[in-house]
There are 2 protein chains.
Amino acid sequence: MLSSASKYAINAVLYLAVESSEDKKIGAKEVAEAIGVPTPFLAKLLQNLAKKNVISSLKGPKGGFFLSEENKSLKLISVVEHIDGLSKFEECVLGLKNCSNDKPCPIHFSVQPFKNTMFDELSNNTIEAFAVKVRNGETFLHY
Amino acid sequence: MLSSASKYAINAVLYLAVESSEDKKIGAKEVAEAIGVPTPFLAKLLQNLAKKNVISSLKGPKGGFFLSEENKSLKLISVVEHIDGLSKFEECVLGLKNCSNDKPCPIHFSVQPFKNTMFDELSNNTIEAFAVKVRNGETFLHY
DNA sequence: ATATTTTAAGACCTTTTTATCTTTTATTAA
DNA sequence: TTAATAAAAGATAAAAAGGTCTTAAAATAT
Ligand code: FES
Ligand code: FES
């Protein structure tokens with residue numbers, strides 16, 4: 001459904017949204033251990049997201065990863081977008097050339113509406129919005 | 001979303017449902033060229049599906065792959081099931097231990113409807129039912 | 001200034017997925 | 001019964017995804 005890379009990244013970004021701030025930066029190791037994913041692999045993902053300004057980072061003592069207010073106002077889809085790209089949401093599920101209602105593949109009408117809904121949910125809601133629900137105890141990050 | 005293997009297999013099985021019969025078996029090469037996927041790779045997939053009785057095959061001249069009436073009455077999900085397995089539809093999209101409405105991950109409610117509906121559509125409709133729509137010109141297999 | 005901390009960068013390894021090729025076996029038709 | 005045909009089986013190879021490690025660079029505190 002999503003690549004492991006995207007899964008780890010969404011988890012990590014939401015962890016940072018809940019736990020970190022400009023004053024409380026968090027190291028890659030701490031994030032990885034908290035969400036239970038391989039540390040060096042996650043570190044790479046966080047570096048990529050930082051380079052693309054989806055999250056923020058600072059080197060040195062007291063440094064680490066964190067989310068600025070600007071970062072938190074990004075839509076959650078931007079995490080997936082910068083790691084997997086959006087092709088998954090654009091292409092035909094069966095790999096046909098164009099996905100459209102005009103020339104639909106056999107499972108187009110079974111799948112397309114929900115593909116779109118999933119994409120819209122991730123595209124319309126900010127990282128902060130998802131984090132709020134975690135803070136409220138409506139949804140959960142770890143086990 | 002689905003693996004290439006599953007995509008190819010669904011395409012091929014529906015092609016066979018539309019084009020083949022006990023009297024008109026079709027070689028792996030012809031199927032692969034018709035749906036535009038790599039021949040030897042598809043041949044392996046068809047062999048696997050035949051071994052698992054999702055499709056039928058016969059060796060020798062006039063041999064090839066085809067769908068028996070019994071095959072056609074299988075649900076389309078069985079193609080995916082025998083190639084990718086069903087874990088994709090059962091597991092939490094973010095990889096959390098259990099996917100449930102009780103302890104939902106942050107994107108559970110955004111994604112779960114898509115996962116479930118897609119699974120239900122493929123689980124409730126037979127291969128023949130999808131093939132009928134292709135024959136009627138309601139949906140399409142190639143480009 | 002210097003030592004320390006932590007990200008950044010990039011090389012490297014492993015596993016899984018995708019793809020190909022060759023040999024064997026079963027079936028049919030002549 | 002022999003030649004031709006096409007799947008079955010299995011070995012192999014290439015590419016992508018997943019994961020690790022080492023070194024460099026930046027920031028901080030002493
Ligand atoms: S045409 Fe296949 S999903 Fe739209
Ligand atoms: S808990 Fe994550 S999708 Fe259900």
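Residue numbers begin at 1 in each chain, while the letters A, B, ... track the order of the sequences. Values below: every heavy atom of this structure, side chains too, minus hydrogens, waters and symmetry copies.
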Nearest-Å distance, [atom1] ([X]) to [atom2] ([N])?
X	N	atom1	atom2	result
B:F41	D:dG10	CZ	C1'	16 Å
A:F66	D:dA27	CZ	P	12 Å
B:L46	D:dA6	CG	P	15 Å
B:E30	D:dA7	CD	C1'	15 Å
B:K52	D:dA8	NZ	C1'	15 Å
A:N48	D:dG18	CG	C1'	14 Å
B:K25	C:dT27	NZ	P	11 Å
B:K7	C:dA19	NZ	P	10 Å

Please tabulate, one pair per line, each protein N/O and nucleotide N/O from nucleotides 3-6 of chain C that are separated by under 3.5 Å, including the distance.
{"unit_1": "C:dT5", "atom_1": "O2", "unit_2": "A:P61", "atom_2": "N", "d": "3.4"}
{"unit_1": "C:dT6", "atom_1": "O4'", "unit_2": "A:G60", "atom_2": "O", "d": "3.2"}
{"unit_1": "C:dT6", "atom_1": "O2", "unit_2": "A:G60", "atom_2": "N", "d": "3.3"}

>> Just to verify, what does A:N101 make a side-chain hydrogen bond (donor to acceptor under 3.5 Å, both in side chains) with, not counting sequence neighbours?
In response: A:H108
>> A cation-pi test, strictly: NZ or CZ of A:K25 under 6.0 Å from the centre of the six-membered ring of A:F66 and no more than 45 degrees from its axis. Yes or no?
In response: yes
> When the aromatic ring centroids of A:F114 and B:F114 are compared, is their separation below 6.0 Å?
Replying inline: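 Between B:F114 and A:F114, which both carry aromatic rings, the centre distance is not below 6.0 Å.
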>> Need one value for B:P40: base, sugar-phosphate or nothing, where a base atom within 4.0 Å counts as base even if backbone is also close, heavy atoms only.
In response: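 Counting heavy atoms under 4.0 Å across all strands, the contact made by B:P40 includes a base.
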> Counting any heavy atom closer than 4.0 Å, what does A:T39 reach on the DNA or RNA strands: base, sugar-phosphate only, or nothing?
Replying inline: nothing
Would you say [X] reaches [N]'s phosphate, i.e. side-chain N/O to OP1/OP2 under 4.0 Å?
X	N	value
B:S4	C:dT18	yes
A:S57	C:dA8	yes
A:Y8	D:dG18	no

>> Test your reading of the model: is there a side-chain donor-acceptor pair from A:T117 to the backbone of A:P113, 3.5 Å cut-off?
In response: yes
>> With a sphere of 6.0 Å drawn around NZ of A:K52, does it hold more than 12 non-hydrogen atoms of other residues, nucleotides or ligands?
In response: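 More than 12 within 6.0 Å, yes.
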> Counting only heavy atoms not in B:K133, do more than 12 sit closer than 6.0 Å to its NZ atom?
Replying inline: no
>> Side chains of B:D120 and B:S123 only: does a donor on one sit below 3.5 Å from an acceptor on the other?
In response: no
Each nucleotide N or O in nucleotides 9-12 of chain C that has a protein N or O under 3.5 Å away: list the pair and distance.
{"unit_1": "C:dA9", "atom_1": "N7", "unit_2": "A:K44", "atom_2": "NZ", "d": "3.3"}
{"unit_1": "C:dA9", "atom_1": "N7", "unit_2": "A:Q47", "atom_2": "OE1", "d": "3.3"}
{"unit_1": "C:dG10", "atom_1": "N7", "unit_2": "A:K44", "atom_2": "NZ", "d": "2.2"}
{"unit_1": "C:dG10", "atom_1": "O6", "unit_2": "A:K44", "atom_2": "NZ", "d": "3.1"}

> Any ion pair linking A:R135 and A:E128 (charged N to carboxylate O, less than 4.0 Å)?
Replying inline: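 The answer is yes: the pair qualifies as a salt bridge.
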> Run the side chain to side chain contact (heavy atoms under 4.5 Å, CB included) check on A:Y15 and A:I26 step by step: do they pass?
Replying inline: CA-CA 10 Å; A:Y15 180 84; A:I26 304 183; 4.1 Å; yes
